[in-house]
Structure formats: structure tokens, C-alpha cells
Amino acid sequence: MLLPYGKKDIHLIHISEVESGVGTYRCPYCDGLLLAKKGKQMAHHFAHVEQSCWSVSSYDFFGIKGKLPLNESLVTYTKRKQNALGHALKKLQQQQQRLSQQQSQIQTQIRKMVHSLQTLAQHSAAAQSALEDCKKYLHDEFEALPELHPIRHPSLFSYTDGKQKVNYQTALQLSHSHYYPSYYHYPLLSLKNYHRNRQQLQEVTDKIALYEQDLAYFRRFKLYFLKIELNQRSFCYKIGLSSRPLAMRIQEIQAALSKHFEAVVITVLYVLEEVAFLERFFKQKYHAHRYEIANFTEYFVFDAYLLEEIEAYFSVLAKD
């Protein structure tokens, strides 16, 4: 799974803020050591040095998976991505609600079965045993699925093994112990489906918890767009993400550029929240305008017309 950020001390560090290789970065989920991969084929990302942990989210909060619609504008892509993230959570919540309702219906049917067993238990030892199993099951949902004993009572017309029915006299002659009154067929199917349904509910609940945790991480990153004045009044621009104070990040950029230029002046043009996915989209869309400084590839040079268009997009996003 592609991981766009790692943890260093108490801070989350985006892949764009680090150099390639193994550093002191840890997985926010399992605390495992991470490797920064910044090649030319795949989107830049962190990967576990050892086996990847199961907790890494499958949701694409940072836009590092899949083919990007580079024909779209910055604003159009942002709106569509925001809608997609909201829809994903809504879909999970609806699934959770549906499974919860199903669990409630199943429990209601099982309780009806127990009520009927209470009457039969006065005349049938098997019913009494099944009743005790059901009561135990209802009081502790995490117990193993109970084995219902065959209930054979003349007051019930037919018996079933879940597929075919036989009358009472025939059932008495059969040696199969898995026949039970057909009256309990559907409640028993509910009972058998309970654990499968409960497992699905737990999986969805876990997915929602992980989604909300990743969403919290995503919201900690701010997207910045900088204007950088280099020697002889030449300009370039930089886009990036940081969950740390922006002044700290600018200080790092200043130090890195000072190794190649005598005078560096950095101006913050825009700082946007909850659009961290826009960073990779921007870099892909304006790839032809990259300005390489040493081994850095996250700087850009734009003509006046294109810069005006980009700033107009950022102005719209800043107002929303």
C-alpha cells in the first residue's frame, strides 16, 4: 500500500519533505521503520522496510493512486475529490446502519424462538437443552454458535433439516440427529447467519474507524504555494504539504536553496486546508513547467498567463 506520510518524533512528515532512502521515519499505524521511495516510475511514497502492516488505509486521501484526470482544472478536480471522500464515508456508514438493523431483526427472531422453546421445554428434554443453549447465546454474543439439539414433539406437524420436510412419524424413525421442527426453520437460519453478519458489521465498523483516523491525518496537512525569488530577480514557485508549522518548513526550504543561491526570498502566496490530494495532481498537471534545482524536482516556472490562471484557481479554493 502506498503511504504518503510517515512519523518523525511527534510530527507527520509528507513524502515531499524528505529525501529518498531509509531515515528515522516510522509508520503512524504500527511504528515500523519506513523507506522513502522517490523514483521516476511510481508516485513518491513511504514503504515499510519489513512487512507492511494491515492497518494502512486503502482510501486515497492524498491522490497517489490511479490515473489522474489532468484535463481537469485545479478547482474541478478538487471539488470532485472532496465529493468522493465524503461519499466513501457515507457509504460505509449506510452499510453499518443496514447491518446493525439486520442484527436487531435477527436477535428479535431468536428471542421469539426462545419464547416458543420455553413452552416446549415442559415436555421435551431436547427443547430444554436447546433453550439453555439459546439463552447462553443471547447473553453472550461472543460465545461460539450453539449446537441446537433436535426438537421432536407431536404437537408440531413436520420436521426439516433445512432443505426437506418430513412428518413427525417419519422423523421418529430417522436416525439423523440434525432434523428439527420446521416451525423453527427461519429463526434457526437467522441464528446460523448471526455470526457471519456480526463479523461483517465488525469489519465495517473497523473500516469506519480507520477511515476517520486517516481523515484526521489528512486534515493535519496544509497545502502551501510559495513564490521564491532567487538571484538576479528570477522567480520560481513551489507547492508542497506540511503538517508542521509552515515557518519550520520554509526555514528548511531556505536552507536547502541557500546551498545553490546567494539570496533567497520566500513569499507565501496561498495556504489551503483539506486539499492535500491537490499536491500530486498539481505536479502531474504542470510537469512540463518543472524547474530542477540540483536533485530537487518540486519547483516550477510559469509564464505570466499561466501563473494568473493558477492563482485564480487557488483564489477560488481559498474562498470555499
Side-chain angles (χ1 to χ4, degrees), residues 1 29 53-61 65 81-122 124 126-153 155-166 171 176-219:
M1 197 64 69
Y29 304 99
C53 67
W54 68 270
S55 297
V56 176
S57 173
S58 60
Y59 296 102
D60 190 18
F61 284 96
K65 293 182 292 186
K81 187 71 174 179
Q82 288 174 333
N83 289 337
L85 292 179
H87 178 72
L89 179 58
K90 183 178 180 181
K91 186 176 180 180
L92 282 172
Q93 290 172 335
Q94 289 174 340
Q95 189 177 2
Q96 183 188 47
Q97 183 180 14
R98 184 173 64 254
L99 287 170
S100 296
Q101 290 174 345
Q102 289 175 357
Q103 287 298 82
S104 177
Q105 292 170 357
I106 290 171
Q107 285 285 23
T108 298
Q109 284 201 325
I110 294 172
R111 285 187 170 85
K112 288 181 179 178
M113 183 176 182
V114 170
H115 179 73
S116 298
L117 282 172
Q118 287 174 336
T119 302
L120 283 178
Q122 300 176 13
S124 168
Q128 178 63 44
S129 178
L131 175 61
E132 295 303 320
D133 281 342
C134 284
K135 283 185 175 180
K136 179 181 179 183
Y137 170 77
L138 288 173
H139 285 91
D140 189 353
E141 296 177 357
F142 297 97
E143 288 290 333
L145 189 67
E147 293 292 337
L148 290 183
H149 295 274
I151 306 167
R152 299 179 178 177
H153 195 275
S155 63
L156 298 172
F157 178 74
S158 64
Y159 288 77
T160 179
D161 61 357
K163 297 180 180 179
Q164 61 178 335
K165 291 184 179 182
V166 297
H176 303 296
S177 61
H178 57 272
Y179 277 88
Y180 51 87
S182 57
Y183 178 80
Y184 298 111
H185 177 53
Y186 292 109
L188 183 59
L189 288 180
S190 296
L191 185 62
K192 289 181 176 179
N193 288 333
Y194 178 82
H195 278 281
R196 178 180 58 81
N197 191 78
R198 182 170 63 85
Q199 184 178 4
Q200 291 177 348
L201 177 59
Q202 186 60 50
E203 288 175 356
V204 171
T205 301
D206 290 343
K207 285 182 180 179
I208 290 176
L210 183 58
Y211 188 100
E212 291 177 339
Q213 180 180 345
D214 269 350
L215 182 61
Y217 285 151
F218 166 79
R219 286 173 171 166

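Rounding to the nearest 0.5 Å places CD of Glu212 at 6.0 Å from CG of Leu89. Taking CG of Leu85 as the start and CG of Leu215 as the end, the distance is 7.5 Å to the nearest 0.5 Å. Atom-to-atom distance recorded for Gln96:CD and Ile208:CD1 is 3.5 Å, nearest 0.5 angstrom.
In terms of the side-chain contact (heavy atoms from CB on, under 4.5 Å) criterion, residue partners of Gln95 (sequence neighbours excluded) are, by chain and number, Leu92, Arg98, Leu99, Val204. Residues meeting the side-chain contact (heavy atoms from CB on, under 4.5 Å) test with Glu203, sequence neighbours left out: Gln199. Scanning for salt bridge (Lys or Arg N to Asp or Glu O under 4.0 Å) contacts around Arg219 gives Glu274, with sequence neighbours left out.
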Practice prompt. Apply ring-ring contact (aromatic ring centres under 6.0 Å, His included) to the pair Phe61 and Tyr211, showing each step before the final yes or no.
Written response: CA-CA 10 Å; Phe61 284 96; Tyr211 188 100; 5.0 Å; yes
Worksheet entry | Derivation and outcome, side-chain contact (heavy atoms from CB on, under 4.5 Å), residues Leu201 and Gln102 | CA-CA 10 Å; Leu201 177 59; Gln102 289 175 357; over 6 Å; no
